[in-house]
J.: 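Take this structure first; my questions come after.
Sequential numbering from 1 along the given sequence is applied to the chain's residues.
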Amino acid sequence: RAPAETSAAAETTYDHIKEQIISALALPLFHTPGLIVRLIDGELTVISKTRPVFIFEDFTARIRRSPENIHLKILCTSNVWKHISLTAQVNATTLNGSLHAQMKRFRPHLLSEFFLPDSPLRLVKSQIDLDVGCEVADKNLIRVNLQGSNPSFVFRRGPQKTTLRGKQLKAVVRVDDHSLLVSLGALNLVNPQLNLSGSFYYNSREPEVRLDVSGIGVEVTLLRKKALALAGDVHVVGQIFEIITGGHVPAVTVNARARSFADLNDVKKFIVKGTMSEGRIHIPVAELDIEHAKGEVVISEGILKGKNIKAQLGNSSGKNGELTLGLISLSSPFRLEIETLADVAQIKPILARLVPNEPFRRELERISSINGEAIGKLIIGDRLDDIHVSAIVSQASLSADYERIPYPIMISSGQYYFDETHCVATNVEAGIGRSSFSNLSFEVDWREGGQLKIDADQSRICLLYTSDAADDTSEV
């Protein structure tokens, strides 16, 4: 048994470690021809500020010096992993070589706590079975192959903890003196359900940052919860998931181009393309919650666009919809145009919330007991800070009470156009109490104090009056 202790500081860097390796391999011991060194049943404890940080036990190592290379084999247990088997060979002069390590129950959070103690997002618990292959072509080029299984990570931001669990991880990392390339072959998560592949590239000389990711089988509700917990302070993440609140995405691609890591906080640097089913979309300024959404979605230049949208808004349904929604500011564009089969009872609160015209709102408040359906097209736009509502109705069947008329109003057909300034109706079949109207046309202009124009081809008007003798009813 050969116990040993050494100390390290949290500020240890890759360059520092590299310098230490070069210095160690420069010792005359490692240049002795035919050298073989064996360490059996050893222990190694790394201490920081009098506290044991990394503990390695049952340490068995074999170092052999060939004419050109140093060969290394290590077996040990540790608090960082349950067991590791490592083999390596390295040229003592150039540091070119290769390494292969198999780790059972690797716990990377112990490394994270040591090297990144002040990170606002902390990895507090983790475990993964990891196979690592590393090749060094020259001093400035390193290639690492990673294959992991059953990864489990628990992150903490403030008081909130978030767990990620998966099945498989495959990645290749390439590092040189000015660039980093991470190629993700597969990341299969089960919590949240997510299958990712793609690449990340950073070049400090250009400078350039590229991100290309593809996802399959994304469950948005759980992904949104995890993403906001892990990166809710990242502007892009907050913007997207404030609007897309749920659903299933069979396939999605994310592409970004930037000149720095800081630029990746700009949503205009991203292009996101995907399809959605059973989606939930929240439009913040309009306070509209669209459910069961299905269609194609693209985010580009900070604008979300959806087409061929089918959706549900309460008891109303829509199809063939198009959505444009800016993600940058209140002056961004916004337009929703969709064919609807509407529950007219839901229309009143939407209009009351979105239409600022006071004469229109006063008349709307006089309408009650609304029931029925309307088929047509709803149009809301054109900026988030200047929303206007209009509708084209091709068919309508409804009933309502109106304070200015003492009898219920029944409408069985007709075509209508309305916005917040006026309403035009043609070919209306309507009834008020026992009175009826055919081929009725009318126009109401709220800009002129509610001016009403009526044209009716056929009308049957029932007049009710009371005399001293008896009630009488006349029809005209």
J.: Is there side-chain contact between V213 and T253, with heavy atoms separated by less than 4.5 Å?
T.: no
J.: Please report the closest heavy-atom contact between S441 and T426, naming both atoms and the distance.
T.: OG-CA, 3.7 Å
J.: Do we see a donor-acceptor contact under 3.5 Å between the side chains of Q346 and S316?
T.: yes
J.: Is there a donor-acceptor contact under 3.5 Å from the side chain of S78 to the main chain of I55?
T.: yes
J.: Would D289 and I281 count as a side-chain contact (heavy atoms from CB on, under 4.5 Å) if you check the C-alpha gap in whole Å, the side-chain angles of each, and the deciding distance to 0.1 Å?
T.: CA-CA 6 Å; D289 291 297; I281 299 174; over 6 Å; no
J.: Verify, without hydrogens or angle tests, whether N265 (side chain) and H235 (backbone) share a donor-acceptor contact under 3.5 angstrom.
T.: yes
J.: Quick one: does S183's side chain have a donor or acceptor within less than 3.5 Å of a partner on S199's backbone?
T.: no
J.: What are the two closest non-hydrogen atoms of E420 and P356, and how far apart are they?
T.: OE2-CD, 4.2 Å
J.: Any side-chain to backbone donor/acceptor pair from S438 onto E429? Under 3.5 Å, distance only.
T.: no
J.: Within the side chain of K226, is there an N or O that forms a donor-acceptor pair under 3.5 Å with the backbone of P192?
T.: no
J.: Which distance, rounded to the nearest 0.5 Å, do you find between the NZ of K273 and the OG1 of T275?
T.: 13.0 Å
J.: Do any N or O atoms from the side chain of S204 and from the backbone of H178 form a donor-acceptor pair under 3.5 angstrom?
T.: yes
J.: Where do L211 and R257 come nearest, in terms of heavy atoms and distance?
T.: O-NH1, 3.5 Å
J.: Nearest 0.5 Å, please: how far is CD1 in I375 from OG1 in T340?
T.: 8.5 Å
J.: Can you find a side-chain donor-acceptor pair between E219 and H248 that sits under 3.5 Å?
T.: yes
J.: Tell me, yes or no, whether the heavy-atom count around K348 atom NZ, taken from other residues, nucleotides or ligands under 6.0 Å, exceeds 12.
T.: yes
J.: Could you walk me through whether R362 and E365 pass salt bridge (Lys or Arg N to Asp or Glu O under 4.0 Å), step by step?
T.: CA-CA 5 Å; R362 285 195 298 268; E365 282 300 312; over 6 Å; no
J.: Taking R105 for its side chain and I128 for its backbone only, find out whether a donor-acceptor pair lies under 3.5 Å.
T.: no
J.: Are any non-hydrogen side-chain atoms of I244 and M276 less than 4.5 angstrom apart?
T.: yes
J.: To the closest 0.5 Å, what do you measure between CG (L141) and CG (D176)?
T.: 6.0 Å
J.: Do the ring centers of F261 and F200 come within less than 6.0 Å of each other?
T.: yes
J.: Restricting to non-hydrogen atoms, name the atom on A101 and the atom on I84 that form the minimum distance, rounded to 0.1 Å.
T.: CB-CD1, 4.3 Å
J.: Using the rule given for side-chain contact (heavy atoms from CB on, under 4.5 Å), can you reason through D401 versus I367, listing the C-alpha separation, both sets of side-chain angles and the distance that settles it, and then say yes or no?
T.: CA-CA 6 Å; D401 293 334; I367 301 173; over 6 Å; no
J.: Can you confirm whether F114 sits close enough to L111 that some side-chain heavy atom of one is under 4.5 Å from a side-chain heavy atom of the other?
T.: no
J.: Any side-chain heavy atom of L230 sitting closer than 4.5 Å to one from L121?
T.: yes
J.: Look at the side chain of E278 and the backbone N and O of G247, then say whether any donor-acceptor pair between them is shorter than 3.5 Å.
T.: no
J.: Under a 4.5 Å cut-off applied to non-hydrogen side-chain atoms, are L378 and V389 in contact?
T.: yes
J.: Shortest non-hydrogen contact from A258 to D263?
T.: CB-CB, 3.4 Å
J.: At what distance, to the nearest 0.5 angstrom, does CD1 of I379 lie from CD of E337?
T.: 4.5 Å
J.: Using modelled atom types only, decide if a donor and an acceptor are shared between the side chain of S119 and the backbone of R122 within a distance under 3.5 Å.
T.: no
J.: Atom OG of S413 and atom CG of N427: how far apart are they, to the nearest 0.5 Å?
T.: 7.5 Å
J.: Indicate yes or no: at least one non-hydrogen side-chain atom of I240 is less than 4.5 angstrom from one of I299.
T.: yes
J.: Within this structure, what is the CG-CZ distance for the pair L123 and R156, rounded to the nearest 0.5 Å?
T.: 11.0 Å
J.: Has the side chain of R143 got a donor or acceptor atom that lies under 3.5 Å from a matching backbone atom of V172?
T.: no
J.: Considering non-hydrogen atoms only, spot the tightest contact between D177 and R205 and give its length.
T.: OD2-NH2, 3.6 Å
J.: For F418 and F442, what are the C-alpha separation, side-chain angles and deciding distance, and is it a ring-ring contact (aromatic ring centres under 6.0 Å, His included)?
T.: CA-CA 12 Å; F418 76 86; F442 65 84; over 10 Å; no
J.: Does a sphere of radius 6.0 Å around CZ in R165 hold more than 12 heavy atoms from other residues, nucleotides or ligands, not counting ones at 6.0 Å or beyond?
T.: no
J.: Might you work through the side-chain contact (heavy atoms from CB on, under 4.5 Å) test for E135 and V144, ending with a clear yes or no?
T.: CA-CA 6 Å; E135 297 178 0; V144 181; over 6 Å; no
J.: Considering only heavy atoms from C-beta outward, does the side chain of F437 approach that of I432 to under 4.5 Å?
T.: yes
J.: I'd like to check L327 versus I243 (side-chain heavy atoms, cut-off strictly below 4.5 Å). Are they in contact?
T.: yes
J.: List the steps and the verdict of side-chain contact (heavy atoms from CB on, under 4.5 Å) for F334 and R383.
T.: CA-CA 5 Å; F334 165 57; R383 290 203 325 260; 5.9 Å; no
